[in-house]
There are 2 protein chains.
Amino acid sequence: MSEKGSSGGIQVIDRATALLDAIARYQDPVSLKVLSAETGLHASTAHRILASLIQNRFVERDAVGHYRLGIRLLQLGVRLHSNIDLRAVALPVMERLRDQFGESVNLTVREGDVVVYIEKATPNRMMHVQQLVGSRAPLHVTAVGKLMLGAAGDNEIKGYAQRTNLPAYTRNTITTLARLIDECHESVARGYALDNEEAEIDVGCIGVLLYDSTGSVAAGLSVSAPIERRRMTWVDEMLAAGREISERLGYRG
Amino acid sequence: MSEKGSSGGIQVIDRATALLDAIARYQDPVSLKVLSAETGLHASTAHRILASLIQNRFVERDAVGHYRLGIRLLQLGVRLHSNIDLRAVALPVMERLRDQFGESVNLTVREGDVVVYIEKATPNRMMHVQQLVGSRAPLHVTAVGKLMLGAAGDNEIKGYAQRTNLPAYTRNTITTLARLIDECHESVARGYALDNEEAEIDVGCIGVLLYDSTGSVAAGLSVSAPIERRRMTWVDEMLAAGREISERLGYRG
DNA sequence: CCCAGATTTGCGCATTGTGAAACGATCCCG
DNA sequence: CGGGATCGTTTCACAATGCGCAAATCTGGG
């Protein structure tokens with residue numbers, strides 16, 4: 001334990017985290033058996049930890065006894081300093097870009113093998129690309145996802161490819177590890193990435209990364225448009241916006 | 001431990017929760033000494049648990065080593081089933097009310113001694129009452145806060161009054177326990193509450209509660225307007241909207 | 001009603017979480 | 001500048017708490 005202690009690990013907290021992550025991977029409430037299998041924990045251990053998480057309101061149970069995330073995560077999440085900072089800082093810039101381009105601007109964070117859309121600025125026109133806040137998309141078919149993979153390094157890209165098998169969403173989706181590594185490298189090198197109808201036909205995207213005060217990737221910023229309306233002239237503005245937001249987040253690049 | 005186990009408590013998870021709550025009470029990052037004092041934990045124990053929460057990304061440290069909430073709470077919070085349900089269910093109703101009244105409609109959850117605004121629908125007019133998502137207000141000066149206190153019972157109201165001392169925000173704020181208890185009772189009895197310039201002069205509000213499938217208070221719904229624009233004819237619509245959303249949340253009143 | 005599978009509970013044990021003490025770092029004051 | 005105070009971090013020994021096994025209970029389907 002002294003060895004474990006020096007590396008900061010407390011086993012039961014790691015295990016509770018694994019259980020929360022396992023629940024979060026499902027849209028619907030999930031059974032003890034599934035959670036036990038997903039985390040590799042003995043059923044009675046999982047049951048005990050989940051009971052404690054319920055008591056502390058991190059987890060709830062539905063009518064048939066299945067587990068879902070609980071209200072304390074919402075309460076704490078809303079209180080998250082970086083949540084308020086990140087969205088409050090990014091939103092005015094996003095709105096400015098939206099008005100300038102006349103297209104949808106999105107803010108995303110990485111969660112495991114997907115990006116999650118956490119804020120949006122949509123244009124006042126009937127036809128635009130729509131991503132709901134809270135929705136998810138695989139990393140390899142999104143501009144910012146490819147940047148996040150590139151920033152994380154080749155082993156991370158390889159691990160992602162192994163876990164997901166790089167499924168095709170359109171005829172343009174990158175489905176081989178070699179091509180994905182090239183694309184990620186290239187994207188990181190030039191500072192922005194494109195989604196060329198890789199997630200959905202007719203949808204194009206330009207994405208950049210946002211960095212926080214520790215120099216880590218904090219989020220992604222992207223503009224999505226019907227492919228024939230996308231302008232490569234937006235790249236400079238996106239890069240500048242990414243720098244602006246990152247600086248406000250305390251990044252000293 | 002067997003006795004503890006049957007009641008679902010795991011000490012270190014309870015302690016980690018207490019630390020997260022303590023951090024969440026501060027707007028700014030907070031020191032180990034303060035957290036140790038707030039939770040009653042020995043400094044080295046608190047240090048250890050915090051290190052594990054950092055490793056699992058529930059907590060981050062800033063440049064001077066102070067602790068703040070971490071990004072995993074955001075990622076999990078966005079994935080929260082009841083968060084997606086609550087906001088997705090409530091938003092269309094809120095937008096309808098906004099268009100009908102021409103005023104701001106807000107969705108709030110209780111967090112300790114405050115309400116937190118988690119969703120909003122703002123009217124398309126320059127002058128309206130504005131509450132940012134993520135902002136907070138004391139319970140005793142908001143309509144839904146008074147309902148939440150009333151729903152929680154007299155001991156809860158008393159405890160709240162003792163903790164906060166009922167500070168005045170305007171000349172209209174309720175600052176005595178007896179008056180607060182009366183107001184909360186009356187509000188619960190009739191099903192809605194008013195904020196009559198108690199939080200801010202010139203601002204009026206009508207609030208109702210939303211209930212979930214377990215019959216518990218899930219959130220509050222309110223319409224805020226400049227006081228001279230507020231209409232008591234909105235009460236029926238607010239009550240109906242509260243019932244509608246609660247039913248969609250699975251409430252069987 | 002019976003059976004199989006899932007969940008829950010009891011129990012004993014060893015490993016893991018804990019607090020005290022020691023050490024390190026930083027800041028402030030004389 | 002040096003010493004003391006304060007805060008944070010690490011080491012260490014120990015006991016209690018988290019854990020897994022096994023049994024009991026529950027639930028749903030045939």
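Lettering follows sequence order; numbering is per chain, from 1.
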Length of the line joining [X]:[atom1] and [N]:[atom2], which is rounded to integer Å:
X        : N       : atom1 : atom2 : answer
His42(B) : dA13(D) : NE2   : C1'   : 15 Å
Lys33(A) : dT27(D) : NZ    : C1'   : 15 Å
Ile10(A) : dA16(D) : CD1   : C1'   : 15 Å
His66(B) : dT9(D)  : NE2   : C1'   : 15 Å
Arg15(B) : dT18(C) : CZ    : C1'   : 7 Å
Leu19(A) : dG18(D) : CG    : C1'   : 14 Å
Leu41(A) : dT16(C) : CG    : P     : 13 Å
Leu50(B) : dT18(C) : CG    : P     : 12 Å

5'-most by nearest nucleotide on DNA chain C - Ile13(A) or Val34(A): Val34(A)
Is it true that Arg243(A) and Glu247(A) make a salt bridge, defined as a side-chain N closer than 4.0 Å to a carboxylate O? no
dT16(C) OP1/OP2 closer than 4.0 Å to side-chain N/O of Gln11(B): no
Hey, does the side-chain of Ser44(A) have a donor or acceptor N/O within less than 3.5 Å of a partner on the base of dC19(D)?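 It does not, because no donor-acceptor pair links the side chain of Ser44(A) to the base of dC19(D) below 3.5 Å.
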[X], nearest nucleotide to its side chain (from [options]):
X        : options                  : answer
Arg48(B) : dC19(D), dT11(D), dT8(C) : dT11(D)
Tyr67(B) : dT9(D), dA20(C), dT7(C)  : dT9(D)
His47(B) : dT9(D), dC21(D), dT18(C) : dT9(D)

Taking the nucleotide of DNA chain D with the closest heavy atom to each, which residue, Val12(A) or Val64(A), is nearer the 5' end?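 Result of the comparison: Val12(A).
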Pairing donors with acceptors under 3.5 angstrom, does anything connect the side chains of His140(A) and Asp113(A)? no
Walk me through it: do Val217(B) and Leu147(B) pass the test side-chain contact (heavy atoms from CB on, under 4.5 Å)? CA-CA 10 Å; Val217(B) 174; Leu147(B) 283 166; over 6 Å; no
I'd like to check Val30(B) versus Arg25(B) (side-chain heavy atoms, cut-off strictly below 4.5 Å). Are they in contact?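 The answer is no, as the side chains (C-beta and beyond) never meet within the 4.5 Å cut-off.
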Does some side-chain heavy atom of Tyr67(B) sit less than 4.5 Å from a side-chain heavy atom of Leu53(B)? no
